[in-house]
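Reading through the structure tokens given below for one structure.
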Protein chains: 2
Amino acid sequence: KKRVVSGVACDLNTAKAVILGVPDEPGVAQQVFLSLAQANINIDMIIQSMMRRDRNDIAFTVAEADLPQVIEIMERVAAKLGAEGVAHDAKVAKISIVGAGMISHPGTAATMFGALGDAGINIEMISTSEIKISCLIQEADAKRALEAIHERFHLDA
Amino acid sequence: KKRVVSGVACDLNTAKAVILGVPDEPGVAQQVFLSLAQANINIDMIIQSMMRRDRNDIAFTVAEADLPQVIEIMERVAAKLGAEGVAHDAKVAKISIVGAGMISHPGTAATMFGALGDAGINIEMISTSEIKISCLIQEADAKRALEAIHERFHLDA
Ligand SMILES: C[C@@H](O)[C@H](N)C(=O)O
Ligand SMILES: C[C@@H](O)[C@H](N)C(=O)O
């Protein structure tokens, strides 16, 4: 019987950075990521949702070791763009479930979020692809999150 | 010479839905996606960023044909959760660049955002994985977006 979810991964080395309240207009995302690229910062996830105003936040994750430099760059970019600020957290973890064809199984995300929710773990950010669902949580919750997901998806067998 | 970006794809059949201002606490994401799974709705992208308050928005994309049912479900869930509302847009398009090993080339996202920004196209939402960078834009901008990205990444050759 083929598994929909083949495994769960946990990245404790992840840090989150967010540039807050940038003008929501063409060319802004380009400026943010050009400045990071020029500093040779490897970006893992980029997450931007929509907002109900003319400003937006752009969040992304990097290796923890890069966070100090990222904060410095983002504060410069924020000043240049007239953004509202920069937020960051080194103490996050990225929990991901992976599996081929997950996207055609509507219950998979609900099951993962259910494992975390039932364990009392808050999901701070969510990003998905066809083969991966990633949740950003607090590092302190990572161990319990892994156990909860292993159990919910019967990954121990 | 190996290309970092192997292609660009455009999904015009995408629609966006967002449940707005849900309590940012454990168990909420589970309730949202369980209700969608029970209706057998296939979810493409899920995007949730962080917010500076105790509420959050959860955005996701579905096939356009599913949007009416999704809105109905989301309004029920929003009422049950005491959420602030539901937003949706059928007239969005998902533009994605794909390529193996994109994530280790810091300039790739900046280049894609630059192609769109220089074409005056607003990026409404962003979601990434190791092999794909996806931007949600207005459907009306899709043709120009494809051309701009083809040109910037020299994909016509
Ligand atoms: C916020 C940022 O993504 C902006 N909408 C842009 O297109 O660059
Ligand atoms: C907003 C929603 O994702 C919530 N934080 C949860 O964990 O379910």
Side-chain angles (χ1 to χ4, degrees), chain A residues 16 18 20 24-52 56-60 87 103-104 106-111 113-136, chain B residues 16 18 20 24-52 56-60 87 103-104 106-111 113-136:
Chain A
K16 147 186 113 182
V18 194
L20 303 163
D24 192 5
E25 46 195 55
V28 168
Q30 166 182 22
Q31 290 182 64
V32 172
F33 289 94
L34 197 54
S35 60
L36 292 163
Q38 284 164 348
N40 248 313
I41 304 286
N42 275 314
I43 307 293
D44 180 24
M45 300 194 289
I46 301 171
I47 297 177
Q48 176 188 307
S49 187
M50 62 160 260
M51 293 212 161
R52 288 172 270 172
N56 208 340
D57 298 346
I58 307 177
F60 55 97
I103 215 86
S104 45
T108 309
T111 303
F113 303 155
L116 297 173
D118 290 344
I121 295 167
N122 197 46
I123 300 166
E124 302 190 348
M125 304 175 91
I126 301 168
S127 181
T128 65
S129 73
E130 287 85 352
I131 53 168
K132 190 191 256 199
I133 300 174
S134 292
C135 290
L136 217 65
Chain B
K16 146 186 114 184
V18 193
L20 303 163
D24 192 6
E25 46 195 55
V28 169
Q30 167 182 18
Q31 288 181 65
V32 172
F33 289 94
L34 196 54
S35 59
L36 292 163
Q38 283 165 347
N40 248 312
I41 304 286
N42 275 314
I43 307 293
D44 181 24
M45 300 194 289
I46 301 172
I47 297 177
Q48 176 187 306
S49 187
M50 61 160 261
M51 292 213 161
R52 289 173 269 173
N56 208 341
D57 298 346
I58 307 176
F60 55 97
I103 215 85
S104 45
T108 309
T111 303
F113 303 155
L116 296 173
D118 290 344
I121 294 167
N122 197 45
I123 301 165
E124 302 190 348
M125 304 175 90
I126 302 168
S127 181
T128 64
S129 74
E130 288 84 352
I131 53 167
K132 189 190 257 201
I133 301 174
S134 292
C135 291
L136 217 65

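Letters go in sequence order (proteins before strands), and every chain restarts at 1.
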Could you have a look at A:Ala29, A:Ala109, A:Ser129, A:Gly27 and say which one has the most heavy-atom pairs with chain B under 4.5 angstrom?
-> A:Ala29

Structural part of B:Ile47 lying under 4.5 Å from a heavy atom of chain A = both

Answer with side chain, backbone, both or neither: which region of B:Asn122 has an atom nearer than 4.5 Å to a non-hydrogen atom of chain A?
-> both

Check: A:Asp57 and A:Gln48 side chains under 4.5 Å, non-hydrogen atoms = no

May I ask you to name which of A:Met51, A:Met45, A:Glu124 has the most heavy-atom pairs under 4.5 Å with chain B?
-> A:Glu124

Which bit of B:Gln31 comes within less than 4.5 Å of chain A, counting heavy atoms only: side chain, backbone, both or neither?
-> neither

Which bit of B:Ala87 comes within less than 4.5 Å of chain A, counting heavy atoms only: side chain, backbone, both or neither?
-> side chain

Taking all atoms of both residues into account, what is the closest heavy-atom pair of B:Ala59 and B:Met125, and its distance?
-> CB-CE, 3.1 Å

side-chain contact (heavy atoms from CB on, under 4.5 Å) assessment of B:Phe113 paired with B:Ile133 = CA-CA 10 Å; B:Phe113 303 155; B:Ile133 301 174; 4.1 Å; yes

Segment of B:Leu34 engaging chain A (4.5 angstrom heavy-atom cut-off) = both

Residue selection (most heavy-atom pairs with chain B, distance under 4.5 Å) from A:Pro106, A:Ala110, A:Ala37 = A:Pro106

Scored by heavy-atom pairs under 4.5 Å with chain B, the best of A:Asn56, A:Asn42, A:Ile46 is A:Ile46

Best-contacting candidate, A:Ile58, A:Leu36, A:Asp118, A:Leu116, against chain B by heavy atom pairs under 4.5 angstrom | A:Asp118

Where on A:Ile121 is there a heavy atom nearer than 4.5 Å to chain B: the side chain, the backbone, both, or neither?
-> backbone

